[in-house]
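Values in this document were obtained by computation on a predicted structure and should not be read as measured data. Values below: every heavy atom of this structure, side chains too, minus hydrogens, waters and symmetry copies. Numbers for residues simply follow the sequence, beginning at 1.
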Amino acid sequence: MTSSLIRKIFLPLFVVCIGLLAGACNDEDDIDIFVGRTWKVSNLFGASNRPVLNEEQAKTIAKEGAFYIKFENRNEFKGCTLDKNFSGTWSVDLKKRTISLRFRDTGNPSDALSKMVIKAIQQAVSYEGDYNYLKLKEAEAPYILFRPY
């Protein structure tokens with residue numbers, strides 16, 4: 001075979017195969033950011049994409065052992081606000097990057113910050129992220145930002 005034949009046939013075929021392999025990994029990577037992972041609330045953002053938490057709320061969010069969500073292998077999740085546990089089931093559409101979180105129990109938190117976090121999680125309809133961050137987005141601009149925990 002001549003080198004020009006290799007360039008004309010095999011190089012384009014190689015590029016197409018690499019593209020297909022890269023695209024095939026995306027869905028698998030997306031599910032891996034959920035399954036068995038625990039995420040800590042980092043901040044909440046409003047419609048203007050600006051953080052909505054004041055300094056005191058940010059310190060409260062940062063407390064160890066609070067404000068996290070864990071996505072279990074069997075499409076179940078559990079988590080904790082300031083002092084209340086919550087749980088439910090989850091599913092994602094990897095192609096549309098949508099998420100559905102159905103709560104069984106919200107723990108009925110009494111503090112305003114915990115209620116704000118629960119509401120943001122309940123209203124999430126789409127997601128964005130990788131192994132370093134996770135955004136659960138509402139239908140409008142607001143979203144809740146998580147970091148690995």
Visitor: What pair of heavy atoms forms the shortest contact from Tyr143 to Asn49, and how long is it?
Guide: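 Minimum heavy-atom separation between Tyr143 and Asn49: CE2-OD1, 3.4 Å.
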Visitor: Is Leu134 close to Ile33 at the side-chain level, that is, under 4.5 Å between some pair of heavy atoms?
Guide: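 Counting from C-beta outward, Ile33 and Leu134 do come under 4.5 Å.
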Visitor: Closest approach of Val35 and Trp90, non-hydrogen atoms and distance?
Guide: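 Nearest pair, atom of Val35 first, then Trp90: CG2-CH2, 4.0 Å.
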Visitor: Under the side-chain contact (heavy atoms from CB on, under 4.5 Å) rule, what do Lys119 and Gln123 come out as? Steps first, then yes or no, please.
Guide: CA-CA 6 Å; Lys119 181 179 177 185; Gln123 293 182 345; 3.3 Å; yes
Visitor: Asp32 and Tyr131: side-chain contact (heavy atoms from CB on, under 4.5 Å), yes or no, with the steps?
Guide: CA-CA 8 Å; Asp32 288 346; Tyr131 293 105; 3.1 Å; yes
Visitor: Taking all heavy atoms of Leu101 and all of Ile121, pick out the closest pair and write down the distance.
Guide: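 Closest heavy-atom pair between Leu101 and Ile121: CD1-O, 3.4 Å.
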Visitor: Looking at CG of Asn73 and CZ of Arg37, how far apart are the two atoms once the value is rounded to the nearest 0.5 Å?
Guide: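 Rounded to the nearest 0.5 Å, the CG-CZ separation comes out at 12.5 Å.
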Visitor: Do you know which two heavy atoms are closest between Thr106 and Gln122, and how far apart they sit?
Guide: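 Closest pair (atom of Thr106, atom of Gln122, distance): CG2-NE2, 3.5 Å.
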Visitor: Excluding sequence neighbours, so at least two apart, what forms ring-ring contact (aromatic ring centres under 6.0 Å, His included) with Phe86?
Guide: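 Applying ring-ring contact (aromatic ring centres under 6.0 Å, His included) to Phe86 gives Phe103.
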Visitor: Can you confirm whether Arg97 sits close enough to Asp30 that some side-chain heavy atom of one is under 4.5 Å from a side-chain heavy atom of the other?
Guide: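 Result yes, sub-4.5 Å side-chain heavy-atom pair found.
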Visitor: Under a single-linkage definition using a 4.5 Å side-chain heavy-atom cutoff for Ile, Leu, Val, Met, Phe, Trp and Tyr, are Ile99 and Phe45 assigned to the same hydrophobic cluster?
Guide: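 No.
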Visitor: Could you measure the distance from the OG atom of Ser126 to the CG atom of Asp93? Nearest 0.5 Å is fine.
Guide: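 So the gap between those two atoms works out to 11.5 Å.
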Visitor: So Val92 and Tyr127, side-chain contact (heavy atoms from CB on, under 4.5 Å) or not? Walk me through it.
Guide: CA-CA 9 Å; Val92 293; Tyr127 71 91; 4.1 Å; yes
Visitor: Donor-acceptor pair, distance only, cut-off 3.5 Å: does the side chain of Tyr149 make one with the backbone of Gly65?
Guide: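 Looks like yes, one N/O pair under 3.5 Å.
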Visitor: Using the side-chain contact (heavy atoms from CB on, under 4.5 Å) rule, take Arg74 and Glu72 through it: C-alpha gap first, then chi angles, then the decisive distance, then the call.
Guide: CA-CA 6 Å; Arg74 296 178 315 250; Glu72 302 287 338; 5.6 Å; no
Visitor: Between the side chains of Arg102 and Thr89, is a donor N or O closer than 3.5 angstrom to an acceptor N or O?
Guide: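 Per modelled atom types, Arg102 and Thr89 side chains form a pair under 3.5 Å.
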Visitor: Say you draw a straight line from CG of Asp83 to NZ of Lys63; how long is it, rounded to the nearest 0.5 Å?
Guide: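 Separation between the atoms: 9.5 Å.
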Visitor: Do Leu82 and Ile144 share a hydrophobic cluster, counting only Ile, Leu, Val, Met, Phe, Trp and Tyr and linking them when any side-chain heavy atoms are less than 4.5 Å apart?
Guide: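 Same cluster: Leu82 reaches Ile144 through Ile, Leu, Val, Met, Phe, Trp or Tyr contacts under 4.5 Å.
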Visitor: How long is the gap from OG1 on Thr98 to NZ on Lys137, to the nearest 0.5 Å?
Guide: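 So the OG1 of Thr98 and the NZ of Lys137 are separated by 12.5 Å.
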Visitor: Out of curiosity, does Leu44 fall in the hydrophobic cluster containing Phe67 (side-chain heavy atoms, cut-off under 4.5 Å, transitive links)?
Guide: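 They do share one cluster, since a chain of ILVMFWY contacts under 4.5 Å joins Phe67 to Leu44.
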Visitor: Among all residues two or more places apart in sequence or in another chain, which pass the side chain to side chain contact (heavy atoms under 4.5 Å, CB included) test with Gln57?
Guide: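 Leu53, Asn54, Leu113, Met116.
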Visitor: Drop me the distance from Asn108's CG to Ser114's OG, to the nearest 0.5 angstrom.
Guide: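 Separation between the atoms: 11.5 Å.
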Visitor: Among Phe77, Phe146, Phe71, whose ring pair (Phe, Tyr, Trp, His ring centres under 6.0 Å) with Phe34 holds?
Guide: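 Of the listed residues Phe77, Phe146, Phe71, the ring pair (Phe, Tyr, Trp, His ring centres under 6.0 Å) partner of Phe34 is Phe71.
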Visitor: Compute both the distance and the angle, then confirm whether Lys40 meets the cation-pi test with Tyr68: under 6.0 Å from the six-membered ring centre, within 45 degrees of the axis.
Guide: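 Verdict for Tyr68: no cation-pi partner in Lys40.
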Visitor: Output, in order, the C-alpha distance, side-chain angles, deciding distance and verdict of side-chain hydrogen bond (donor to acceptor under 3.5 Å, both in side chains) for Tyr133 and Glu128.
Guide: CA-CA 8 Å; Tyr133 79 98; Glu128 178 183 311; 3.1 Å; yes
Visitor: Heavy atoms, side chains only, cut-off 4.5 Å: are Thr81 and Ile118 in contact?
Guide: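 They are in contact (side-chain heavy atoms under 4.5 Å apart), so the answer is yes.
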Visitor: Could you tell me which residues satisfy salt bridge (Lys or Arg N to Asp or Glu O under 4.0 Å) with Lys96, sequence neighbours excluded, listed by chain and number?
Guide: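 Here no residue qualifies.
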Visitor: Which heavy atom of Arg147 sits nearest to which heavy atom of Ser42, and what is that distance?
Guide: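 Smallest interatomic distance, heavy atoms only, reads N-CB, 4.4 Å.
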Visitor: Any idea which heavy atoms bring Pro51 and Asn43 closest together, and the distance?
Guide: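 Pro51 and Asn43 have their closest heavy atoms at CB-ND2, 3.6 Å.
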